[in-house]
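Encoded as structure tokens, the structure appears first; notes follow it.
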Amino acid sequence: MTTAAQTATIESKSEKHGRTAQGGATTVSGGSTGAAEPAATRGRTSIADVVVVKIAGMAAREIPGVYDMGGGLSRTIGAVRDRVPGGRPNVGRGVKVEVGERQTAIDLDLVVEYGVPIADLARDVRENVIDAVERISGLEVVEVNITVNDVHLPDDEDPERPVEARVE
């Protein structure tokens, strides 16, 4: 979880650069206007918070050993939503972000596979999320906090998920 001091730092940096996050969107570049300006700087680029949520969620799920994301209630609701015809998996489940002017802080709730070293998994998830968010959004990631909510045991097989054969 991001502390109040870190949130204040993110917000103060936003105000320092004269740009603010409003309505869930953050201005990444405040361009200039006018025909005399270079084409690349004419206009402003804003990134909605949900964009960072989706990038972080996809990047976390790419790491082997991450079984699912979210707390117990959000996973239950997500399972119901996934079964509804036309429903899509929510890649943002288990991801919370705070986005400032040029920085973001990310909180992830994970369910890990039994037997996977949690410290190594957390390091890999953190590195992948930071790389993806910084590369795609251009925002600096100040922290990625990871909470492991559960461990998926082999006996807890979900009938909806395909089971890999143990032998060929």
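We're numbering straight along the sequence, starting at 1. Given the structure is predicted, the values throughout are model-derived calculations rather than measurements.
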(message) If we check side-chain contact (heavy atoms from CB on, under 4.5 Å) with L110, which of these qualifies: I118, T147, V66?
(response)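 Only one of I118, T147, V66 forms a side-chain contact (heavy atoms from CB on, under 4.5 Å) with L110, namely V66.
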
(message) Does this structure show an ion pair linking D68 with R93, if we count only N-O contacts that are shorter than 4.0 Å?
(response)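 Looking at D68 and R93, the cut-off is met.
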
What's the shortest heavy-atom distance between [X] and [Y], and which atoms?
X	Y	value
G70	N149	O-ND2, 3.6 Å
V95	A56	CG1-CB, 4.0 Å
Y114	L153	CD1-CD2, 3.8 Å
R126	V144	NE-O, 2.9 Å
E62	N128	OE1-ND2, 2.9 Å
V53	V97	CG2-CG2, 3.6 Å

First locate atom [atom1] of [X], then atom [atom2] of [Y], and finally report the distance between them rounded to the nearest 0.5 Å.
X	Y	atom1	atom2	answer
L139	I130	CG	CD1	13.0 Å
I63	D124	CD1	CG	5.5 Å
R102	E140	CZ	CD	10.5 Å
M69	R61	CE	CZ	5.0 Å
T104	D49	OG1	CG	7.5 Å
L108	I146	CG	CD1	5.5 Å

(request) Dump the intermediate steps for side-chain contact (heavy atoms from CB on, under 4.5 Å) on V141 and V129, then the final yes or no. (result) CA-CA 9 Å; V141 178; V129 167; 5.7 Å; no

(message) Could you tell me if the side chain of K96 sits less than 4.5 Å from the side chain of I106, heavy atoms only?
(response)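 SC-SC contact between I106 and K96 ruled out.
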
